[in-house]
Number of protein chains: 2
Amino acid sequence: MGTKKENSTNSINAQYLTQECDLTYAVCKIGGRWKLLILCKLENGKLRFSEIRRRIPGITERMLTLQLREMEKDGLVKRTVYAEVPPRVDYELTEIAEELVPIWKQLDQWGKKHRELIQSQIVPVECNHEN
Amino acid sequence: MGTKKENSTNSINAQYLTQECDLTYAVCKIGGRWKLLILCKLENGKLRFSEIRRRIPGITERMLTLQLREMEKDGLVKRTVYAEVPPRVDYELTEIAEELVPIWKQLDQWGKKHRELIQSQIVPVECNHEN
DNA sequence: CCGTATCCTAAAAGATACTG
DNA sequence: CAGTATCTTTTAGGATACGG
């Protein structure tokens, strides 16, 4: 105890961000493999821990917890614990996180477009007999 | 030789992307610590290797090369080599990468806003005598 | 000038078991 | 249900030296 560790993903934060450009700052806050993906699940309202989890195939509980905690700390999600048995916790976007919605929508669109573009280019040299 | 390695940052690519959502795909293409930062330097036109390098404090040649190569492969930057001595190489955004410009601009704006917001919240308990 | 090649460290992420 | 706690693997990224 006392040895803080395992607290932050995107540890770029500490050094590089204090005076760095806002883009780098933003990337550190919402970058990484999971964050945007988690946030976008909350786009339509509150979700419970297990609901988020089910919507993100492949994420472990540990990772989800880690990312959620970090985003809570960064003011991106609001965590609400209900004093019930069995326990119930839900997560929702904060105002500042809501402002990211258009960004990830565009990014999603871009991803789709890029993927299609790339796929149309990699027409294999040897013709695929499937078609 | 033959053992491919050290080829990809964001190696999430391989497995998770084939059928994954477009957002994850996009994150893999332009995520990571450096890519957006590099791309945005090219926003106003071609730049040489050394120029990019100078504009990104803290990046090593190795990292810059790695990221540029990967983005070239992914169709995000176009690399042009001039047969001169001393050698000259420049990089520019591809069309599909140009479409990211509004996205990183918004992200930059968001970063600025978030940073200010957070800073205004962390008003220290003990008043700072500097002001 | 524009990179590679090696070697290395530190994070991120995964597997698994356990708990209030 | 909603997490922690460990442990291990994998990957990103850095330092440095050298090369066409």
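The sequence lines fix the lettering, A, B, ..., with proteins before strands; numbering per chain opens at 1.
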Send over the distance from [X] [atom1] to [N] [atom2], rounded to a whole Å.
| X | N | atom1 | atom2 | value |
| --- | --- | --- | --- | --- |
| A:I59 | C:dG14 | CD1 | C1' | 11 Å |
| B:E72 | C:dC2 | CD | C1' | 14 Å |
| B:Y82 | D:dG20 | OH | C1' | 20 Å |
| A:L66 | D:dA5 | CG | C1' | 12 Å |
| B:E84 | D:dG20 | CD | C1' | 16 Å |
| A:F49 | D:dG3 | CZ | C1' | 6 Å |

Side chain of [X] only, heavy atoms from C-beta on: which candidate in [options] is closest?
| X | options | value |
| --- | --- | --- |
| B:W34 | D:dG13, D:dT4, C:dG3 | D:dG13 |
| A:V89 | D:dG3, C:dC2, C:dA13 | D:dG3 |
| A:M63 | C:dA13, D:dG3, C:dC2 | C:dA13 |
| A:T65 | D:dC1, D:dG3, C:dC2 | D:dG3 |

- Message: What's A:Y91 touching, base or sugar-phosphate or nothing? Going by heavy atoms closer than 4.0 Å.
- Response: sugar-phosphate
- Reckon A:R53 touches a base, only the sugar-phosphate, or nothing at all at heavy-atom distances under 4.0 Å? nothing
- Item | Student check: side-chain heavy atoms of A:L66 and A:W34 closer than 4.5 Å | no
- Item | pair A:R115-B:D22: side-chain heavy atoms closer than 4.5 Å | yes
May I ask you to verify if any side-chain N or O of [X] is less than 4.0 angstrom from the OP1 or OP2 atom of [N]?
| X | N | result |
| --- | --- | --- |
| B:R48 | C:dC2 | yes |
| B:R54 | C:dC2 | no |
| B:Q67 | D:dA12 | no |
| B:S50 | C:dC2 | yes |
| A:R79 | D:dG3 | yes |
| A:R69 | D:dG3 | yes |

- Query: Side chain of B:H114, backbone of A:L76: donor and acceptor closer than 3.5 Å?
  - Reply: no
- Message: Given the structure, check if the side chain of B:R62 and the base of D:dG13 hold any donor-acceptor pair shorter than 3.5 Å.
- Response: yes
- Note on the structure: DNA chain D nearest-nucleotide lookup for B:E61 and A:E51: closer to the 5′ end is A:E51
- For A:P87 and for A:T60, find the nucleotide of DNA chain C with the closest heavy atom, then tell me which residue's nucleotide is more 5'. A:T60
- Task: Would you give the length of the straight line joining atom NZ of A:K113 to atom CD1 of B:I96, rounded to the nearest 0.5 angstrom?
- Result: 5.5 Å
- Determine, for B:K35 against B:E70, whether the closest basic-nitrogen to carboxylate-oxygen distance falls under 4.0 angstrom. yes
